[in-house]
Amino acid sequence: MQERYDHKRIEKKWQKIWADEDAFKTFDDFEKEKYYVLEMFPYPSGKLHMGHVRNYAIGDAVARFKKLSGFNVLHPMGFDAFGLPAENAAIKNGIHPAIWTESNIAEMESQLRDLGLSYDWEREVVTCREDYSIWMQWLFIKFFEKGLAYKKDNPVNWCPSCQTVLANEQVVDGHCERCKTPVTKKHLSQWYLKITDYADRLLDNLAKLPGWPEKVKLMQQNWIGKSHGSEVTFTIEGFDKDLVVYTTRPDTLFGTTFMVLAPEHPFIEELIAGTEYEEAARASIAECAHKSELERTSLTKEKTGVFIGKYAINPINDKKVPIFIADYVMIDYGTGAVMGVPAHDQRDFDYATKFGLDIIPVVDTGDPDIDINNLKAATPAEGIMVNSGKYNGRNNKDVIDEITQDLADRGLAKATTNYKLRDWLISRQRYWGCPIPMIYCEDCGWVPEKLENLPIRLPKDVVFTGKGESPLTTSKYFMHTTCPCCGKPATRETDTMDTFLDSSWYHLRYCDPQNVTAPFDSKIVNYWMNVDQYIGGVEHAIMHLMYARFFGMFLYDIGMVDYEEPYQNLLTQGMVIKGYTNADGEYVKAKMSKSLGNVVSPEEIMDKYGADTARLFILFAAPPEKELDWSDEGVEGSYRFLNRVYRLVSEYINSIRTDEAAGEVVIRSDADKSLNYQLNATIKKVSEDAGGRFSFNTAISSIMELVNEMYKYKQSASVNQPLLRDAIEKMLIALNPFAPHITEELWAELGHEDRIYQCSWPQYDESALVLDEVEIIIQINGRLKDKIVVPNGSPKELIEERANHSEKVIEAIAGKTVVKTIVIPGKLVNFVVK
RNA sequence: GCCGGUGUGGCGGAAUAGGCAGACGCACGGGACUUAAAAUCCCGCGAUCCUAACAGAUCGUACCGGUUCGACCCCGGUCACCGGCACCA
């Protein structure tokens, strides 16, 4: 055995052995209990960063632990390989996106192998390859067939300088990500998926996900934004159509002093045509339309708008109120019209103040600091009704339903529900994405491509200018085709799909990755799904995790899978941060980023210390869901520990690699007993920490304690060889999920023919954890005063008796009265004295 | 503005069920080994006071208060920082 811990040699050696032995190949063994652990697959940007390493170190610890614990573990990896950076590289450097992407994938695969992660590489899924995109297109057609995919004209983000459409992700603080020009709106016809049909299920099912962080569930809940309210019908003086508003506060109807329409409201044209207000109104609407994204979302939120010369009649009291147009009202939420109640809504208050409109309080909060007849701001939610006719004097909460009902009886209101969630816009005017398999025919409209013609392939003869429409429009061959329905000449959709579609079902393809007749076989998927443990960054809390849930429900509805929720348990890992000195000379901590210069590359760490050290440090330094504060000294510490483990084995290799040492363990001395206790306590703790709450930091610290104990044990009079060997072996298995290479190496050095990955997780011996004597703490008034040792299982009376004899206790209670004595066997005695 | 989270030594963190606060690691200090250094091994390491020393005392988990024999943990309030959403009626 080499004396020095040579991480490079050992890690290379074992990575080769695992590959040669197909160590992590997974079989669809339906008889065995399965465990599916999944890490969010990466975008192939070029190289792994520490965030990736953390993600996969956590996932691999779980996978290896579950495999050792006897589960049939599915632990796959792949690449979310469509996306904008590849196309930008093409525009900038003239490299085809496919070539750029595949070369990045090759690089990252090699880095993943260097980390020694236990993936079944035969199940690799790469979303840009045809064997995946064919089924992506197939699934899109399913959505279309079920009426869940539709095309609609809608405003999109437009960069006037690049002359192109931008995805929301490409709009940074209202500016174009590339040229920094303020982004405006433009109308384009776009494909949508009807995720809003699933709003209630997406919301209600959150309750069925106890294994998800509360935080993520709340974020999704807020994003869906379900609210209960009423639609109330106002009439417009001298106009034959009714104006419907949505409100969550029908109790404030009597406080309505104006009405506001969104600039896009369909009534506006008729209301202003030919009036003296027409010109001003048109100017205001045009201004809104030309407002940049930046101005619209600006922090000042200065209210603008105009009076249009018309009045609405409030159905509750027949009062006439002026109608305005203002862009603080959104056309796509509620009805695009809002009743202005300045006394009880801050935005309405701001508007009324600016335009000199009446402010009528209708709910008196009873707060003596607020003069309701001279409000300085809108008042909060609860109080007694005033200025509200027959409802006066009652609590406002109690009249909400009644007012709606009273109006409903006259056909002027109805209770409704609204959502913030919008349908999912999936069209991207991009080349490097999955083609949308739809064809437009003058006669038949939008029809899906025939299944036998899938996949639609991305053409090679395209020009990447970064301008105008989708690059697919520049292909000579792509656009023109024939209608699958009637055979007439027709044109293909040239937009591609949002890459979030690809990542909404990849976990299913891993289950059956080589299927050539379907996206997956339901029987196989139903065995492996759902994902028992999903691990990734919290930045995907809303979009990816909501879209994947939506896909899950859709596939359930069309009978392809027998579950609704894809991810049973979710772990959102924290960021990797590192301290640096900022421009002001302060030492601060922030997420690793090139611009701050606080990046540590995984390659550099793996070269210097090896994958085992990198993984061990990452798992040890912080609990997985918290931020990880990178520390170069901390990495040294983890490396030192692995060296300590290596030396422990190498020092004893000759004495414990014998038949005698491999024999039965007999506990002889107190030192033996103590080591055996520590060993079993460690196994118990690691089993619970690694298996239950993923608290790898404490699991590793307990292994460190055990190793410290073994070093102390070496100094005891007579070393019990079988015991030491047993302890070393179990320690190696327990450490294996966190540092797989070194533990396999030492296992082999001990003379084993098998591998740790083939072993079973060690069981702990309860009887070894039962101590002969236990320490009891003695408190006076809850403060520690003394400790005594009593036989394990001593009754209360004996413990109290012994505690009474403690010299320190006698001294402390001298001259005082013991009012009460609390005895908790095995733990403590507390004397309450006065 | 709305919603959520966090606050423990010089640092990362531990205390899983209300019962010894600070496990484990880092940094630092001392010692052993060495011609020397590195590596390694051993010891110490919250603050203040006291003692020649051993020992001991008091305070201490952001701040103020409460419940309890006993609170980092539960309850009420305050402050700070971080994250998400945001003109959603």
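Letters A, B, ... mirror the listed sequences (proteins, then strands); counts begin at 1. Heavy-atom basis, side chains included; hydrogens, waters and symmetry copies ignored.
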Worksheet item: Parallel under 30°, tilted from 30 to 60°, perpendicular over 60°: which one fits the rings of A:Tyr333 and A:Tyr246?
Response: perpendicular
Discussion item. For A:Phe500 and A:His540, take the angle between the two ring planes, folded into 0 to 90°, and tell me which bin it lands in: parallel under 30, tilted 30 to 60, perpendicular over 60.
Written reply: perpendicular
Among [options], the nucleotide that comes nearest once only the side chain of [X] is considered:
| X | options | answer |
| --- | --- | --- |
| A:Asp327 | B:rC87, B:rG4, B:rG25 | B:rC87 |
| A:Met330 | B:rC20, B:rC24, B:rC87 | B:rC87 |
| A:Ile822 | B:rC69, B:rA23, B:rG25 | B:rC69 |
| A:Leu784 | B:rG12, B:rA89, B:rA21 | B:rA21 |
| A:Pro623 | B:rC24, B:rC42, B:rG13 | B:rG13 |
| A:Leu218 | B:rA89, B:rC24, B:rG4 | B:rG4 |
| A:Lys589 | B:rG13, B:rG19, B:rG12 | B:rG12 |

Expressed as a whole number of angstroms, how long is the span from [X]:[atom1] to [N]:[atom2]?
| X | N | atom1 | atom2 | result |
| --- | --- | --- | --- | --- |
| A:Tyr5 | B:rU40 | OH | P | 14 Å |
| A:Lys712 | B:rC43 | NZ | C1' | 11 Å |
| A:Glu688 | B:rA15 | CD | P | 12 Å |
| A:Arg783 | B:rG18 | CZ | P | 22 Å |
| A:Lys827 | B:rA15 | NZ | C1' | 12 Å |
| A:Arg647 | B:rA39 | CZ | C1' | 8 Å |
| A:Phe617 | B:rA27 | CZ | P | 12 Å |
| A:Ile700 | B:rG25 | CD1 | C1' | 11 Å |

Determine the interatomic distance between [atom1] on [N] and the same-named atom on [M]; round to the nearest Å.
| N | M | atom1 | result |
| --- | --- | --- | --- |
| B:rC41 | B:rA52 | P | 38 Å |
| B:rC33 | B:rA57 | P | 38 Å |
| B:rU67 | B:rA14 | C1' | 27 Å |
| B:rA89 | B:rC2 | P | 14 Å |
| B:rC24 | B:rC45 | C1' | 15 Å |
| B:rG76 | B:rG22 | C1' | 28 Å |
| B:rA17 | B:rG12 | P | 24 Å |
| B:rG18 | B:rA27 | C1' | 34 Å |

Base, sugar-phosphate, or nothing: which does [X] touch, judged by heavy atoms less than 4.0 Å apart?
| X | value |
| --- | --- |
| A:Glu775 | base |
| A:Lys785 | sugar-phosphate |
| A:Ile824 | base |
| A:Glu705 | sugar-phosphate |
| A:Arg422 | base |
| A:Gly637 | sugar-phosphate |
| A:Lys420 | base |
| A:Val341 | nothing |
| A:Val832 | sugar-phosphate |
| A:Ser227 | sugar-phosphate |
| A:Lys808 | sugar-phosphate |

Between [N] and [X], is there an OP1 or OP2 to side-chain N/O distance shorter than 4.0 Å?
| X | N | answer |
| --- | --- | --- |
| A:Ser702 | B:rC24 | no |
| A:Lys626 | B:rG12 | no |
| A:Tyr328 | B:rA89 | no |
| A:Asn830 | B:rU68 | no |
| A:Asn697 | B:rA14 | yes |

Determine whether the aromatic ring centres of residues [Y] and [X] are separated by less than 6.0 angstrom.
| X | Y | result |
| --- | --- | --- |
| A:Tyr328 | A:Tyr351 | yes |
| A:Phe617 | A:Trp630 | yes |
| A:Phe324 | A:Phe355 | yes |

Within the distance-only criterion (no hydrogens, no angle test), does the side chain of [X] pair as donor or acceptor with the backbone N or O of [Y] below 3.5 angstrom?
| X | Y | result |
| --- | --- | --- |
| A:Asp612 | A:Ile742 | yes |
| A:Thr335 | A:Val244 | yes |
| A:Asp251 | A:Ile400 | no |

Worksheet item: Within 45 degrees of the axis of the six-membered ring of A:Phe738 and under 6.0 Å from its centre: does A:Arg615 put its NZ or CZ there?
Response: no
Worksheet item: Below 4.0 angstrom, N of the basic side chain to O of the carboxylate: do A:Asp629 and A:Lys578 qualify?
Response: no
Worksheet item: Syn or anti for B:rG9, with syn set at within 90° of 0?
Response: syn
Worksheet item: Is a side-chain donor-acceptor pair under 3.5 Å present for A:Tyr609 with A:Glu636?
Response: yes
Practice prompt. Give the stems involving RNA chain B, where a stem is 3 or more consecutive Watson-Crick or G-U wobble pairs (i with j, i+1 with j-1, and so on) under 3.5 Å.
Written response: B:1-7 with B:79-85, B:10-12 with B:24-26, B:28-32 with B:40-44, B:46-49 with B:56-59, B:62-66 with B:74-78
Discussion item. Using heavy-atom distances to pick each residue's nearest nucleotide on RNA chain B, tell me which of A:Asn643 and A:Asn781 is more 5'.
Written reply: A:Asn643
Worksheet item: A:Leu828 or A:Gly634: which one's nearest nucleotide on RNA chain B is closer to the 5' end?
Response: A:Leu828
Discussion item. Ignoring hydrogens and geometry beyond distance, is the side chain of A:Gln779 in donor-acceptor contact with the base of B:rG19 at under 3.5 Å?
Written reply: yes
